[in-house]
Amino acid sequence: MQSELSQFLSYIRLEKGLSENTFQAYQRDLLKFQKFLNSKELSLKKIRPDVVYDFLDNLSRQGLSSRSRTRALASLRNFFHFLIFDGKLEFNPCENIESPREWKTLPRTLDIEEVDRLLEQPDLTHILGIRDKAMLELLYATGLRVSELVFLNLQDLRMDLGYLNCVGKGSKVRVVPIGQSALASVEHYLTVSRGRLLKGRNSNFLFLNRNGERMSRQGFWKILSAYGRKASIQTPLKPHLIRHSFATHLLQRGADLRSVQLMLGHSDISTTQIYTHVLRERLRSIYRTHHPRA
């Protein structure tokens with residue numbers, strides 16, 4: 001695109017009367033894009049929206065702010081408009097791409113390997129390790145908030161049907177499915193550990209501490225953090241990180257946003273839309289795999 005780039009830069013300098021600083025910004029952005037296309041061995045004719053998304057993601061990985069990426073997108077839009085006017089392109093691949101300033105930042109999530117390492121940490125020869133395994137498995141399987149997890153009662157579980165009833169924010173009750181791995185861990189905890197933690201006392205709470213009382217949010221947070229360090233996970237673990245991982249992994253494997261909203265207990269779909277970047281990545285992958293001219 002060297003020839004087209006030179007023509008565009010001459011156009012904005014001579015005919016648009018841009019300031020030197022603005023001109024230099026355009027030039028830097030477009031030279032970065034040219035370098036990116038060369039690394040992918042792509043020509044201007046093969047530029048599609050997913051290529052532009054890749055470029056913006058690449059800038060993000062380089063540490064550029066959303067403001068700088070927004071400016072780069074504006075540079076590309078104007079460049080492509082120029083090419084369309086000049087008859088070099090038929091459509092603007094940036095036309096429907098939202099500004100990076102409007103992209104919501106999702107907190108870091110664990111990848112599948114990190115989750116597997118975390119779940120392998122509890123010592124299943126000890127009653128506390130069996131309990132911890134059940135809590136970790138259930139948290140990842142359901143995406144519950146930590147307060148929802150520690151306030152679960154025995155009657156909230158429907159082990160035979162594979163789901164639980166959860167009382168969330170605003171005292172709203174939702175039904176959340178439980179996977180087989182989590183069901184097995186909870187069953188093991190109920191059979192082996194819970195009665196020994198109670199020591200003859202009664203409690204309706206599902207998860208108990210070593211004194212036979214309800215597990216506290218702070219107590220579970222400390223347990224989770226310790227297992228994260230033991231599993232060599234670099235980011236300090238917080239319960240909400242597991243919740244984000246739950247939602248992200250579901251969407252990556254084909255779940256729709258509405259279903260994830262219901263499982264997370266978000267009253268408004270706009271709250272769940274923080275995960276739309278995951279859907280965007282999946283759509284790009286589908287496009288590349290199935291579109292005949294991708």
Side-chain angles (χ1 to χ4, degrees), residues 1-109 244 248 251-252 256-257 269-270 272-294:
M1 65 181 241
Q2 184 61 50
S3 174
E4 292 83 358
L5 180 56
S6 297
Q7 292 173 31
F8 175 71
L9 291 174
S10 296
Y11 165 74
I12 62 173
R13 168 167 265 171
L14 299 175
E15 297 189 38
K16 298 291 284 184
L18 298 182
S19 69
E20 184 62 25
N21 285 342
T22 303
F23 173 82
Q24 291 294 336
Y26 269 98
Q27 187 176 49
R28 283 194 303 271
D29 293 335
L30 293 171
L31 287 175
K32 286 178 183 176
F33 187 63
Q34 181 184 33
K35 184 178 179 180
F36 176 79
L37 289 185
N38 290 340
S39 70
K40 302 290 183 180
E41 297 183 352
L42 292 173
S43 66
L44 285 173
K45 296 288 186 181
K46 292 186 177 181
I47 297 175
R48 297 291 183 269
D50 64 301
V51 174
V52 179
Y53 274 123
D54 270 348
F55 173 63
L56 295 175
D57 286 344
N58 184 266
L59 295 181
S60 178
R61 288 192 293 272
Q62 293 176 27
L64 269 72
S65 67
S66 62
R67 180 177 180 178
S68 296
R69 285 178 281 133
T70 297
R71 190 202 62 216
L73 179 60
S75 298
L76 290 179
R77 277 202 184 105
N78 287 319
F79 178 52
F80 293 139
H81 276 308
F82 172 80
L83 294 179
I84 291 170
F85 182 79
D86 205 35
K88 301 287 180 62
L89 283 182
E90 295 181 1
F91 78 103
N92 192 331
C94 296
E95 201 64 52
N96 296 314
I97 296 179
E98 68 272 24
S99 166
R101 284 185 177 182
E102 299 171 4
W103 297 3
K104 293 183 178 179
T105 302
L106 180 69
R108 184 187 183 278
T109 61
H244 287 310
T248 299
L251 290 167
Q252 286 174 339
D256 62 275
L257 205 62
I269 190 67
S270 64
T272 320
Q273 284 173 342
I274 191 174
Y275 300 105
T276 52
H277 81 288
V278 180
L279 292 178
R280 189 164 60 235
E281 288 293 329
R282 184 157 58 84
L283 288 174
R284 285 159 59 188
S285 176
I286 291 170
Y287 177 86
R288 290 169 181 163
T289 302
H290 299 288
H291 195 284
R293 298 182 69 83

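Quick note: residue numbers are just sequence positions, from 1.
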Find out whether [X] and [Y] are in side-chain contact, i.e. whether some heavy atom of one side chain is under 4.5 Å from a heavy atom of the other.
X   : Y   : value
N78 : I12 : no
Q24 : Q27 : yes
K88 : F82 : no
L37 : I47 : yes
K32 : F55 : yes
S3  : S6  : no
K40 : K35 : no

Say whether, by atom type as modelled, one donor and one acceptor occur between the side chain of [X] and the main chain of [Y] under 3.5 angstrom.
X   : Y   : answer
R69 : L64 : yes
N92 : C94 : yes
S60 : L56 : no

Distance in Å, Q34 CD paired with L42 CG, rounded so as to fall on 0.5 Å steps: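 Answer rounded to 0.5 Å: 13.0 Å.
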To the nearest 0.5 Å, how far apart are CG in D57 and OH in Y53?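 Separation between the atoms: 9.5 Å.
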What's the shortest heavy-atom distance between [X] and [Y], and which atoms?
X   : Y   : result
L76 : L30 : CD2-CD2, 3.7 Å
P49 : F91 : CD-CE1, 4.4 Å
F80 : F33 : CZ-CE2, 3.9 Å
V51 : F36 : O-CE2, 3.8 Å

Identify whether the distance between the nearest side-chain nitrogen and carboxylate oxygen of D50 and R48 falls below 4.0 Å.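 Judged by the 4.0 Å cut-off on N to carboxylate O distance, D50 and R48 do not form a salt bridge.
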State whether the number of non-hydrogen atoms from other residues, nucleotides or ligands found under 6.0 Å of E20 atom CD is greater than 12.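 Yes - once you tally the heavy atoms of other residues, nucleotides and ligands closer than 6.0 Å, there are more than 12.
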Within 6.0 angstrom of E90 CD, more than 12 heavy atoms from elsewhere: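 No.
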How far apart are the C-alpha atoms of Y26 and R71, what are their side-chain angles, what is the distance that settles it, and do they pass the side chain to side chain contact (heavy atoms under 4.5 Å, CB included) test? CA-CA 8 Å; Y26 269 98; R71 190 202 62 216; over 6 Å; no
Tell me, with the steps shown, if Q62 and N58 meet side chain to side chain donor-acceptor pair (under 3.5 Å). CA-CA 6 Å; Q62 293 176 27; N58 184 266; 2.6 Å; yes
In terms of the angle between their ring planes, are Y11 and F8 parallel, tilted or perpendicular, with boundaries placed at 30° and 60°?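 Aromatic pair Y11/F8 classed tilted.
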